[in-house]
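Residue numbers begin at 1 in each chain, while the letters A, B, ... track the order of the sequences.
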2 protein chains.
Amino acid sequence: MSRTEPAGTFTIGEAARSSGVKVPTIRYYEEIGLLPAPPRTEGGRRSYGAADMRRLAFIRHARELGFEIEAIRTLLQLQDQPEQPCAAADAIARDRLIEVERRIASLTALKAELQRMVEGCSHGHVAACRVIEILADHGECRHHHGPAEPGGIGR
Amino acid sequence: MSRTEPAGTFTIGEAARSSGVKVPTIRYYEEIGLLPAPPRTEGGRRSYGAADMRRLAFIRHARELGFEIEAIRTLLQLQDQPEQPCAAADAIARDRLIEVERRIASLTALKAELQRMVEGCSHGHVAACRVIEILADHGECRHHHGPAEPGGIGR
DNA sequence: CTTGCTCCTCTAGTCGCTAGAGGAGCTAGG
DNA sequence: CCTAGCTCCTCTAGCGACTAGAGGAGCAAG
């Protein structure tokens with residue numbers, strides 16, 4: 001076994017492996033104050049405890065659910081004050097849910113349009129290519145207006 | 001009428017209004033070589049022709065469909081060579097379709113999880129808040145693995 | 001004692017814009 | 001002709017959430 005560190009503490013690499021968050025990302029979270037700066041070993045290495053590991057798992061899960069860093073910051077503050085009412089947490093989750101629903105709707109419209117493009121393509125030459133044609137002629141499609149995905153159209 | 005420019009040419013502002021692409025974004029497209037640098041008036045202002053307007057509409061439409069700039073660059077090159085086979089355009093559209101389908105699937109899973117959070121929330125205190133609880137305990141949810149949305153989890 | 005892994009800090013780059021400063025030109029009204 | 005107010009110009013910097021790489025130090029095993 002390779003345990004030189006005190007029991008119950010973890011290196012940044014171990015924290016990364018156990019949480020699924022990459023090493024530079026953990027350091028980044030520390031930098032922006034999402035994760036507290038952990039104590040260091042003699043050699044200057046970060047040494048994480050169980051609470052840090054839980055916090056990191058929380059962050060990771062929240063990021064997976066698409067919560068923004070600022071929302072996670074708020075959620076973490078709420079978590080640290082368990083006797084507060086949870087209306088704020090509820091509101092954040094509701095907002096996220098609404099956003100996700102909007103995104104699904106617009107991606108579904110988008111999917112239909114992409115399918116028309118792909119299915120209509122005769123696999124011949126560009127001149128007769130439905131993909132290019134549909135892109136060139138906006139008027140041809142039934143358009144759902146506004147950008148497909150808010151906050152950076154495509155990603 | 002306020003037409004001082006030669007007939008059939010457009011200022012950047014007109015191009016922006018007609019395409020729905022913002023002025024700085026048009027300049028940005030020029031900078032990255034997606035849109036050719038147009039001729040200038042005596043006073044140094046950009047003067048767009050009908051072909052530019054079509055190209056801009058094409059770009060805008062493709063961005064709305066979530067194509068990345070590099071994909072659009074390829075599509076524009078294809079458009080300029082109509083006797084080429086359109087397999088490449090087809091492939092780009094297919095890739096995009098697959099990505100959109102993946103995104104819809106993962107957003108749908110996400111929506112279910114958010115709904116569990118929101119519906120389970122008793123609107124009491126943080127200590128008993130299901131939103132916080134689910135985020136804290138990853139093990140509690142049926143997880144779809146990998147980040148919710150590739151290339152920047154949440155957007 | 002050397003090999004090779006992990007860790008450290010720091011800077012710069014990614015994508016696709018967006019915002020703002022500071023200035024010049026252009027047009028309509030007086 | 002003059003001025004007000006719009007649009008346009010260039011340039012730099014910033015956004016979010018990382019990611020990549022340089023250059024160096026520590027640390028455990030053989």
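- Between Thr11(B) and dC8(D) there is a side-chain N or O to OP1 or OP2 distance below 4.0 Å.
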Within the sub-3.5 Å range, which N or O atoms of nucleotides 19-25 of chain C have a protein N or O partner, and how far apart are they?
| unit_1 | atom_1 | unit_2 | atom_2 | d |
| --- | --- | --- | --- | --- |
| dG25(C) | N3 | Arg45(B) | NH2 | 3.4 |

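- Residues passing the side-chain contact (heavy atoms from CB on, under 4.5 Å) test with Ile104(A), sequence neighbours excluded: Val100(A), Thr108(A), Leu107(B), Thr108(B), Lys111(B).
- Atom CZ in Arg40(A) sits roughly 19 Å away from atom P in dT6(C) (whole-Å rounding).
- Listed by chain and number, the residues in a side chain to side chain donor-acceptor pair (under 3.5 Å) with Gln77(A) amount to none (sequence neighbours excluded).
- Arg54(A) meets the side chain to side chain donor-acceptor pair (under 3.5 Å) test with no other residue; sequence neighbours excluded.
- Candidate nucleotides dC17(C), dT9(C), dC9(D) were compared by shortest atom distance to the side chain of Arg27(A), and dT9(C) ranks first.
- Rounding to whole angstrom units, CD1 of residue Ile12(B) and P of dC26(C) are separated by 16 Å.
- For the contact set between residues 30-39 of chain B and DNA chain C, defined by any heavy atom under 4.0 Å, there are no members.
- Leu114(B) and Ile98(A) are not part of a single hydrophobic cluster, where members link through side-chain heavy atoms under 4.5 Å apart.
- Under the side-chain contact (heavy atoms from CB on, under 4.5 Å) criterion, Ala71(B) pairs with Phe67(B), Ile92(B), sequence neighbours left out.
- Of all nucleotides listed (dT18(C), dT19(D), dC8(D)), dT18(C) comes nearest to the side chain of Thr25(B).
- When all heavy atoms are compared, the tightest approach of Arg63(B) to Glu68(B) is NH1-CA, 4.1 Å.
- Between dC18(D) and Tyr29(A), a contact under 4.0 Å exists linking OP1 or OP2 to a side-chain N or O.
- Take the nearest nucleotide of DNA chain C for Glu42(B) and for Ile69(B): the residue whose nucleotide is more 5' is Ile69(B).
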*Could you run through nucleotides 1-6 of chain D and give me one letter per nucleotide, 5' to 3': B if any protein heavy atom sits under 4.0 Å from the base, S if only the sugar-phosphate is that close, - if neither?*
------

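- Spacing between atom OH of Tyr28(A) and atom P of dT9(C) amounts to 17 Å, rounded to whole angstrom units.
- For Gln84(A), the side-chain contact (heavy atoms from CB on, under 4.5 Å) partners at least two apart in sequence or on another chain are Gln81(A), Val126(B).
- Taking atom CD of Glu70(A) as the reference point, atom P of dC15(D) lies 11 Å away to the nearest angstrom.
- Whole-Å rounding puts the Ile72(B) CD1 to dC17(C) P distance at 8 Å.
- Arg46(B) comes within contact range of the sugar-phosphate backbone alone, with a heavy-atom separation under 4.0 Å but no base atom that close.
- Across all strands, Arg17(A) comes closer than 4.0 Å to no nucleic acid atom at all (heavy-atom distances).
- For the residue pair Arg130(B) and Cys121(B), the shortest heavy atom distance occurs at CB-N, 3.9 Å.
- Fit an axis to the five pairs at each end of the helix from dC1(C)-dG30(D) to dG30(C)-dC1(D) and the two axes sit 10° apart, to the nearest 10 degrees.
- Note: CZ (Phe67(A)) to C1' (dC18(D)) measures 20 Å, nearest angstrom.
- In this structure, CD1 of Ile59(B) is placed 12 Å from P of dG16(C), rounded to the nearest angstrom.
- Nearest heavy-atom pair across Ala89(B) and Leu78(B) is N-CD1, 3.5 Å.
- Note: OH (Tyr48(A)) to C1' (dC7(C)) measures 11 Å, nearest angstrom.
- Between Ser47(A) and Pro38(A), the shortest heavy-atom distance links the atoms O-CB, 3.6 Å.
- The side chain to side chain donor-acceptor pair (under 3.5 Å) search around Asp52(B) returns none, not counting sequence neighbours.
- For His125(A), the side-chain contact (heavy atoms from CB on, under 4.5 Å) partners two or more places apart in sequence, or in a different chain, are Glu83(B).
- Across Thr9(A) and Glu14(A), no two heavy atoms sit closer than the pair O-OE1, 4.1 Å.
- Arg45(A) contributes no side-chain N or O that, together with a main-chain N or O of Thr11(A), makes up a donor-acceptor pair within less than 3.5 Å.
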Taking distance alone, no hydrogens or angles, what donor-acceptor pairs closer than 3.5 Å link side-chain atoms of residues 15-31 of chain B to residues at least two apart or in another chain?
| unit_1 | atom_1 | unit_2 | atom_2 | d |
| --- | --- | --- | --- | --- |
| Ser19(B) | OG | Ala15(B) | O | 2.8 |
| Ser19(B) | OG | Val21(B) | N | 3.0 |
| Glu30(B) | OE1 | Arg46(B) | NE | 2.7 |

